[in-house]
Amino acid sequence: MRSSPSTPTACCGTIRCDKNHGLRCSCDGSVGSPGVHSWTMSSTPTKSSLSQASRGTIQRWSQTLIPTVRQAPSDAEMPSHIFMIRAGFIRQVGAGIYNYLPLAWRSLRKVSEIVREEMDAAGASELLMPAFQPMELYAETKRDVDYGDLLFTLEDRHGRKVALGPTHEEVITSLMCGALTSYKQFPLNLYQIQTKFRDEFRPRAGLLRGREFIMKDAYSFHLDLEGEAGLNATYDKMHQAYTNIFTRCGLDFSAVEAEAGPIGGSASHEFMVNCAAGEDTILVCPESGYAANVEKAEIGKRAWSFDVAPEGELVKHHTPNMPGIHMVAEHLGTTPSLMLKSIVLQTLEESPRWVVAVVRGDHEVNESKVRDAIGFAVQLAPEKEARAAGFVIGYVSPKTVDTIEMTMVVDPDALGSGSWATGADEMDHHVTGFNWSREMSNAIGNDKIKIADIRNAEAGDPSPRADGVFLEARKGIEVGHIFKLGTKYSEAIGLSVLNKDQKKQAIIMGCYGIGVSRTLAACIEMSHDDNGIIWPAAIAPFHVHIVVIKPKEPEVQAAVGALSDELAEHGIDVLIDDRAERPGPKFKDADLIGLPIRLTISPKTLEENGVEFKLRTDDAKGSMHPRDTVVQRCVEILSAVMDSGG
RNA sequence: CAGGGUGUAGCUCAGCUUGGUAGAGCGUCUGGUUUGGGACCAGAAGGUCGCAGGUUCAAGUCCUGUCUCCCUGACCA
């Protein structure tokens with residue numbers, strides 16, 4: 001079993017000390033003496049950490065904090081939020097701020113450990129940077145503006161402005177300015193697992209979007225894109241490491257192509273946990289395996305032509321006070337999919353130029369795709385300026401290309417009909433019967449219109465990677481994101497070294513994030529039933545849940561002690577429910593917490609020399625299993641699911 | 001940030017319209033009876049009604065302000 005590489009010493013089942021401190025419980029180590037643990041410095045050291053390295057943890061319910069509740073606070077709506085509170089994993093402190101109680105912390109540590117092992121194996125080194133970051137660092141990269149209110153800021157007693165780190169590109173880049181001195185040091189990949197702070201507009205859904213959350217972030221440094229030491233090689237390694245991490249965590253996930261977002265950079269992938277309740281939409285090609293998020297997804301080749309026969313005259317209609325395309329469509333007796341939407345954009349230049357993007361009424365313009373199509377970054381034009389230039393905002397039609405100096409880009413799907421409804425370039429008026437070849441002959445003849453994929457992809461669009469196959473939509477929760485940053489930060493902060501040719505060269509960077517606490521929540525969203533959580537073994541807080549019926553009976557205590565010891569010897573983490581509760585609540589709580597294996601011991605099972613065995617995934621009530629082989633059974637099952645990444 | 005909602009016991013909520021002794025269920029504690037899927041009986045503890053002003057003889061209830069938390073949107077690990 002690959003779990004628990006450094007489990008703390010357990011004596012009587014209570015874990016209170018780290019193995020290296022030489023602390024031992026002064027009780028006799030027998031299991032039948034609950035409540036008499038006292039901790040003292042021992043004159044004889046504990047067994048070496050080596051010999052105990054693979055021993056599992058034994059934890060008694062009565063000696064930890066697992067405040068399960070029957071009714072979750074009305075605040076909680078998402079299953080992960082509800083169950084984490086009901087099962088005693090977390091408690092809320094403020095909006096987007098939570099206590100991680102012992103069960104949650106154990107799971108978080110297990111995720112972190114998997115992350116560490118895979119990152120280390122991929123050649124990265126762990127470090128820890130401060131959460132406090134001087135604001136000046138952000139001024140250099142202008143992210144104080146880009147991040148804006150998302151940045152938690154505070155002022156110290158001297159009036160110095162400080163930010164609580166939402167990520168650490170600035171800090172690590174400036175660190176490297178003083179530490180990276182030679183081209184011989186590349187490549188370098190550094191990571192940390194740390195609490196991050198983002199003043200989210202709207203924190204929600206428990207750990208899914210907190211204002212304070214645990215994140216693994218890694219940053220790599222290179223002189224080249226290609227080659228063994230290049231960014232691309234490390235990026236691929238990280239892609240593989242992430243695949244390993246989420247597989248080992250037992251998650252059902254997809255790696256999808258993504259937009260780089262405000263962090264900047266050239267290429268990026270998101271790792272999404274697949275689940276219907278996810279807030280992100282991804283599009284997948286069932287044939288080729290292509291997957292991308294909505295912002296990024298390409299659309300396959302679509303046939304188009306300006307020459308579609310007109311169906312009637314161009315007619316002007318009075319359409320006052322109709323906000324939204326749906327109302328206009330209704331008034332004109334048509335549907336948004338038979339209308340043209342002309343969005344006025346401008347290039348992000350010192351003296352911006354006009355760009356008009358035309359899509360079908362039911363489609364959404366994608367600014368990144370417009371950028372790719374025309375070669376310049378664009379943004380939605382400020383309404384005032386657009387009006388001043390002659391655009392009748394709300395009633396813009398493609399005909400504006402004849403009267404205003406601009407670049408016009410049209411999506412192929414906006415050409416599929418011979419008769420469109422669109423704006424009349426006149427306040428409070430629309431037209432019907434708009435025909436491209438008839439109305440736009442001047443512009444078409446002068447080659448003033450560009451045709452390109454400029455809209456968000458949707459389910460049902462042709463796949464960009466397989467002919468005749470259509471994209472399907474899936475929902476997911478983003479748990480990881482990797483970026484090729486390029487030189488954005490190194491140039492802004494002035495990170496460079498002399499290369500072999502003694503020339504100053506900016507450093508190429510990559511960055512790689514995993515939402516550790518979000519992963520926990522996403523896992524529960526993905527894997528639960530009406531009764532509670534269903535943990536994958538690898539990140540369950542414990543592997544085995546022992547329900548003790550009549551825990552005061554000496555024979556029962558002895559049997560539980562022996563069984564849990566034996567399980568721990570095999571590296572299995574055990575939670576013993578030794579509360580003086582009736583069986584009902586114990587079984588309910590076991591389902592709620594959702595450990596992979598439940599073992600029940602009672603005077604009855606002892607009589608039969610057995611243990612009741614039940615997997616969390618079993619619907620039945622569990623069945624009797626011979627005592628002498630039950631440990632082996634647990635080992636086999638846990639090994640099997642953890643090796644297969646489940 | 002915009003729109004909507006909320007705040008009374010650890011949790012879920014009633015009480016507010018029409019001002020007059022602070023309520024219920026669950027949970028907790030004590031004693032007893034129970035003991036394989038959230039038991040039963042008897043008893044007990046627990047709330048400056050988010051906060052600050054105001055109106056009133058009297059405010060959980062009416063008025064003003066303020067804060068909190070939640071939901072819907074754009075952003076993101």
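Chain A is the first sequence line, chain B the second, and so forth, proteins listed ahead of strands; every chain is numbered from 1. Any value given below was found using the heavy atoms of this structure, including those in side chains, with hydrogens, waters and symmetry copies removed. Given the structure is predicted, the values throughout are model-derived calculations rather than measurements.
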Distance between the [atom1] atoms of [N] and [M], in whole angstroms?
N      : M      : atom1 : answer
B/rG31 : B/rC69 : P     : 41 Å
B/rU72 : B/rU61 : C1'   : 30 Å
B/rG53 : B/rA59 : P     : 13 Å

### Query
Who are the side-chain hydrogen bond (donor to acceptor under 3.5 Å, both in side chains) partners of A/Arg579, not counting sequence neighbours?
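Expected list: A/Asp577, A/Asp589.
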### Task
Classify every nucleotide of nucleotides 37-42 of chain B by which part a protein heavy atom approaches to under 4.0 Å, writing B for the base, S for the sugar-phosphate alone and - for neither, in 5'-to-3' order.
BBB---
Just how far, in rounded Å, is [atom2] of [N] from [atom1] of [X]?
X        : N      : atom1 : atom2 : result
A/Gln92  : B/rG7  : CD    : P     : 16 Å
A/Leu65  : B/rG10 : CG    : P     : 17 Å
A/Glu77  : B/rU6  : CD    : C1'   : 13 Å
A/Ile477 : B/rA77 : CD1   : P     : 15 Å

### Task
Any chance you could measure A/Phe132, atom CZ, to A/Phe152, atom CZ, to the nearest 0.5 Å?
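Output value for this atom pair is 12.5 Å.
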#### Entry: Proximity to the side chain of A/Arg202 - top-ranked nucleotide from B/rU72, B/rA77, B/rC69
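Among B/rU72, B/rA77, B/rC69, the one nearest the side chain of A/Arg202 is B/rU72.
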### Side chain A/Asp280 and base B/rC76 donor-acceptor under 3.5 Å
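Check passes, donor-acceptor contact within cut-off.
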### Message
Once you measure the plane-to-plane angle for A/His81 and A/Tyr98, does it fall in the parallel (<30°), tilted (30-60°) or perpendicular (>60°) bin?
### Response
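Perpendicular, since the angle between the ring planes exceeds 60°.
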### Query
How are the rings of A/Phe613 and A/His625 set to each other: parallel, tilted or perpendicular (split at 30° and 60°)?
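Tilted: the ring planes of A/Phe613 and A/His625 meet at 30° to 60°.
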### Neighbours of RNA chain B within residues 95-105 of chain A, by heavy-atom distance under 4.0 Å
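Per residue number, the list reads A/Ala95.
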### Query
Does a salt bridge link A/Glu212 with A/Arg198, judged by any charged N lying under 4.0 Å from a carboxylate O?
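Here A/Glu212 does not pair with A/Arg198 in a salt bridge, since their nearest N and O are not under 4.0 Å apart.
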### Task
Sort and list the pairs that fulfil side-chain hydrogen bond (donor to acceptor under 3.5 Å, both in side chains) and have at least one residue in residues 597-610 of chain A, not counting sequence neighbours.
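For residues 597-610 of chain A, and leaving out neighbouring residues, the side-chain hydrogen bond (donor to acceptor under 3.5 Å, both in side chains) pairs sorted by first residue read A/Arg598-A/Glu612, A/Thr600-A/Glu612.
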### Message
Checking A/Ala492 now: which residues fulfil side-chain contact (heavy atoms from CB on, under 4.5 Å) with it, not counting sequence neighbours?
### Response
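By the side-chain contact (heavy atoms from CB on, under 4.5 Å) rule, A/Ala492 matches A/Thr141.
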### Task
Under the salt bridge (Lys or Arg N to Asp or Glu O under 4.0 Å) rule, collect the residues that match up with A/Asp120, sequence neighbours excluded.
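Per chain and number, A/Asp120 pairs via salt bridge (Lys or Arg N to Asp or Glu O under 4.0 Å) with no residue.
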